[in-house]
Amino acid sequence: MSNTAARCDAPAAGREPTIHQRGQHEVFCGLTSIIWLHRKMQDAFFLIVGSRTCAHLMQSAAGVMIFAEPRFATAIIEERDLSGMADLHDELDAVVERLLKRRPDIKMLVLVGSCPSEVIKLDLSRAAERLNREHAPDRRVIAYSGSGIETTFTQGEDSFLATLVDECPVAEADAAPSLVVAGSLADVVEDQFSRIFQALGIENVAFLPTRRSDRLPAIGPNTRFLLAQPFLNEAAKKLERRGATHIPALFPLGEEGTTAWLKAASDAFGVDPARFEAVTAPGRERARKALESYAETLSGKRIFFFPDSQLEPALARFLSREAGMGLTEIGSPYLHRRHLAAELDLLPEDVVLSEGQDVERQIDRCHEADPDLIVCGLGLANPFEAEGYATKWSIELVFTPIQGYEQAGDLAELFARPLRRRAALKVEV
Amino acid sequence: MQLTVWTYEGPPHVGALRIAASMKGVHYVLHAPQGDTYADLLFTMIERRRTRPPVTYTTFQARDLGKDTAELFKDACREAVERFKPQAILVGASCTAELIQDDPGGLAKALGLDVPVVPLELPSYQRKENWGAAETFYRLVRGFAGGREKPARQEGAPASCNILGPTALGFRNRDDIVEVKKLLKSLGVEINVVAPLDASPLDLTRLPAADFNVVLYPEIAETAANWLKREFGQPIVRTVPIGVTATREFIREVAELAGVDPAEALATDADRLSWYARSVDSNYLTGKRVFIYGDATHALAAARIAEEELGFKVCGLGTYSFNFARDITAAARKYGVEPLISDDHLDVEEAIVEAHPELVLGTQMERNTAKRLRIPCAVISAPVHVQDFPARYAPQMGFEGANVIFDSWVHPLMMGLEEHLLGMFREDFEFHDDTGASHLAAVNAARGAGGQGAAIRAEQPAFEAAAAPEETTPDTTDSPDGAAARWTPEAEKELKKIPFFVRGKARRNTERFADETGVNVITIETLYDAKAHFAR
């Protein structure tokens, strides 16, 4: 099959992936990022312009959060919109009107493009401009695409942040140096990092996305940015276009990753190494101590990653170097060679790296590798469990605070729990 | 364009997927972008199936659009047939692929595959999940039973029937099948084919052999059953056996078609609902106001059970099944309520608030609404969540189904004696209805203490937190602006002694009474005058 031809190379220097795949992807589309984005930014509302499928996806994927009224909704395109009986822009305006009436507390309305809206070439940026003229300055309206023909899962956040950077004020060339940490982090993790940056003496630190839409940081040539998440390709490009400088680093997973990440920032801001040592020592010690208790469960166990969040290489690095796990295949929807350079350098030589997906072939490879733990999406997990494999739902890795020193143990726990659970259950399936 | 947060039905291709996942030997090749693969989790997570649904998604991307998405589709078809070796394949498009007009049916036919191809045309921007399921099932039935002869019934052989309608993700379908088979067996009726659940395309070719068809879910099986009736003269059993009365009617209807005596099947001791409803303890159920919403089949059955078998009062009846609006409207008229035909969950929520029910019977959306409003609730219809695929045997149909319904609708309510005590000791500081469940006493106490409560409240589940703000202003929200000023503090205090779920109604009735009788200031007297005036 031409479109799924797998190219198998020997692992080369510079860590090119060993397998490129093009076939059936079993990954959520970018709309799914809204599930955490709408909680992160507390005065924003995400309006998907799409089909019934989009609405159904959101409620199926976000099922557990149904109790509270979410700050997202779908404007479902109907037959009369497509046949030209109704003007799409008028219809959208009416939906927005109804929505804002119901939620007057919303300060930023985010129009989110979907597969159907992209295919019919509905220009949501123009719609946002038009709506902005009407609703500014009380409310800002912006637009991005989370469509599944362009974005997978976490790439939705990338598209959103890229759009958000456009909204950030401009910092002048003589502005004081500042640090932007890009990528959603749990509030508790954000607060921990804020305290560490403060102790290191790094000032003017902002996190993107901000918790409120009116507190976006100014960005300019004296801005340096750290990526807290590995999926921020477009957002990083936008920041660089504004003159900001990327601080390359490992991602802050585990004791090693967190230290390297903080060290990269410290070096960029000229923090005295002794001060860095003093500030981070207690956290490093706590992380190492927390990880000790997981060694027994995880050490020597072999893990297989199906592609999902793009966090896979960093997670694999953490599990192999700090938990002693063996790596089989690390699948990722997309490998950003530059942002992941440091991560890939630390992976063992013999690991199989795959980019993209052809799910049936990958399942075959997984069977062949016969791992102790499979990291995969919700569609695959129970069928693997029924076959006798232990699995970890990958989606939990983006919904749980896992970054930083204080969460290193929690991160290991996520992988240890399915293994411990299997050991605990004495009934056969 | 329709603004929605939650939907009762998915898109029509999800209906087709439910049929494919129900059957054996069927594979669905769906032209769709990658995001649409979320549908797999409906089966593997919500229904806890052990296998992936039999579907291959082409997962085309933006970069394929300029090139050849049709080629992608053909490759996916060929690969799926080779890998899964199905007896038949369904081919179709999801909402996005419908827009690029690749014609999956035509493409698949042109491939010359050595398995039958059933093309599906499911207009995503007009239709929804149940329609998609009905249409897919009909296409399959027509494709495999069409053109066959109805075999002559052998002399002396027992009557036989098909059971049509149970599907993957159907509400309690797994257990309903067992109950319905039990009923048919008690009448000596043979079961020819059950479809779509667990049927293969080969089984569908045997459909014409049955004497009649039992339709369990008209939303999904009616189209196919009507076609079978036209084509093979198979009569349809239309009574859905949910509830004691309907189960008895079902037995009589089947017995009539099969030409057997129903007496033995009717003389069962399996029915406990009827006696439980008559036992003195159930007195407190009398006239309980119940709001019902769901698919048409379950909503209609629930309304009848509520009124005729449990002695409740239906105070709201609605459905998202537009095709069955007429049936719901007729039933609503019978019970003296306005029918609610809507698939907008906000309309439903509004109707619930308006109706002041003491029990809500609905889908998972109504469960969440009811939790927010602190009204007891039981789930009676899809869409449902993982907890509504219980580990235990929990049918809705047949006599055992009625027993299950008695338990699951009555348990969320307060027990009779408990309710009486609440009425008597409304001012007991640990006991009044604002206190909540006694095992949460510490939380509730802290809540009362104000600032300190906020910290504890933060640890409560989301729905508790959502309910909290309403508690602080429970009554003003029910009354028009400024109206509160008309109430004397004493009357306002007395009003608080009325259970919260009817308090809004009492307030409005009193105000209406005051308006009509020209009373300006509402006192305790006015409150009780109004109570007497509106006594039912």
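All values below come from the heavy atoms of this structure, side chains included, with hydrogens, waters and symmetry mates left out. By convention in this document, chain letters (A, B, ...) are assigned in the order of the sequence lines, proteins followed by strands, and residues within each chain are numbered from 1.
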- B:L72 vs A:R22 side-chain heavy atoms within contact, under 4.5 Å: yes

- Message: Let's test your reading of the structure: which of B:K128, B:R78, B:R49 forms the most heavy-atom pairs below 4.5 Å with chain A?
- Response: B:K128

- Query: Which answer fits B:T51, side chain, backbone, both or neither, if we ask what part of it has an atom under 4.5 Å from a heavy atom of chain A?
  - Reply: backbone

- Checking A:E78 side chain against B:Y125 main chain: does a donor-acceptor pair fall under 3.5 Å? no

- Here the pair of heavy atoms bringing A:G379 nearest to B:D40 is CA-CB, 4.1 Å

- Do B:T37 and A:H25 come within less than 4.5 Å of each other through their side chains, counting heavy atoms only? no

- Message: Looking at A:Q42, I'd like to know if its CD atom is crowded, meaning that more than 12 non-hydrogen atoms belonging to other residues, nucleotides or ligands lie closer than 6.0 Å.
- Response: yes

- Measure B:L346 against the heavy atoms of chain A and call it side chain, backbone, both or neither at under 4.5 Å. side chain

- Message: I'd like to verify something: which residue of B:D64, B:L65, B:I46 has the highest number of heavy-atom pairs under 4.5 Å with chain A?
- Response: B:D64

- Considering only heavy atoms and a distance below 4.5 Å, find which of B:Q61, B:Q34, B:R63 pairs most often with chain A. B:Q34

- Message: When you compare the side chain of A:S51 with that of B:T96, does any pair of heavy atoms fall below 4.5 Å?
- Response: no

- Note on the structure: Greatest number of non-hydrogen atom pairs under 4.5 angstrom with chain B, of A:E385, A:E91, A:E387, falls to A:E91

- In sequence, state the C-alpha distance, the side-chain angles, and the governing distance for B:L99 and A:L82, and then conclude on side chain to side chain contact (heavy atoms under 4.5 Å, CB included). CA-CA 9 Å; B:L99 297 170; A:L82 295 173; 3.9 Å; yes

- Cut-off 4.5 Å, heavy atoms of chain B, and the answer for A:A75 is both

- Task: Check the pair A:R98 / B:D344 against salt bridge (charged side-chain N to carboxylate O under 4.0 Å, His left out), numbers first and verdict last.
- Result: CA-CA 14 Å; A:R98 185 173 167 204; B:D344 184 335; 3.3 Å; yes

- Message: Taking side chain as everything from C-beta outward and backbone as N, CA, C, O, which of these in A:I77 sits under 4.5 Å from a heavy atom of chain B? Side chain, backbone, both or neither.
- Response: both

- Sort out for me which of A:P383, A:A386, A:C29 touches chain B most, counting heavy-atom pairs under 4.5 Å. A:P383

- Of the backbone (N, CA, C, O) and the side chain (C-beta and beyond), which part of B:E9 lies under 4.5 Å from a heavy atom of chain A, both, or neither? backbone

- Flag the pair B:R127 / A:E79 as yes when at least one side-chain heavy-atom distance between them is below 4.5 Å, and no otherwise. no

- Message: For a 4.5 angstrom cut-off between non-hydrogen side-chain atoms, does A:N382 reach B:R50?
- Response: no

- Message: Is A:S117 close to chain B through its backbone or its side chain, or both, or neither, when contacts mean heavy atoms under 4.5 Å?
- Response: neither

- Note on the structure: Okay, B:D68 and chain A: the region with an atom under 4.5 Å from a heavy atom over there is neither

- Among A:L99, A:D364, A:T32, single out the residue with the greatest number of heavy-atom pairs under 4.5 Å to chain B. A:D364

- Contact origin within B:Y8 toward chain A - heavy atom pairs under 4.5 Å: neither

- Task: Mind checking the OG1-CD1 spacing from B:T59 to A:I149? Nearest 0.5 Å is all I need.
- Result: 12.5 Å

- Item | Largest heavy-atom contact set with chain A, pairs under 4.5 Å, which of B:T7, B:L41, B:L42 | B:T7

- Query: Would you say the side chain of B:E79 lies within less than 4.5 Å of the side chain of A:Q24, judging by non-hydrogen atoms?
  - Reply: no

- Query: Highest number of heavy-atom pairs under 4.5 Å with chain B: which of A:D81, A:V119, A:T53?
  - Reply: A:T53

- Item | Which atoms of A:V359 approach chain B - backbone, side chain, both or neither, heavy atom under 4.5 Å | side chain

- Message: Using side chain to side chain contact (heavy atoms under 4.5 Å, CB included), reason through B:T4 and A:R52 one step at a time and then give a plain yes or no.
- Response: CA-CA 9 Å; B:T4 186; A:R52 182 166 301 281; 6.0 Å; no

- Message: Given heavy-atom pairs under 4.5 angstrom as the criterion, report whether the side chain, backbone, both or neither of B:V386 touches chain A.
- Response: neither

- Message: Less than 4.5 Å to any heavy atom of chain A: does that hold for the side chain of B:L3, its backbone, both, or neither?
- Response: both

- Which bit of A:Q357 comes within less than 4.5 Å of chain B, counting heavy atoms only: side chain, backbone, both or neither? neither

- Message: Can you confirm whether A:I363 sits close enough to B:R52 that some side-chain heavy atom of one is under 4.5 Å from a side-chain heavy atom of the other?
- Response: yes

- What part of A:V95 gets closer than 4.5 Å to chain B, counting heavy atoms only: side chain, backbone, both or neither? both

- Note on the structure: Whatever's closer than 4.5 Å to a heavy atom in chain B on A:L47 counts as side chain

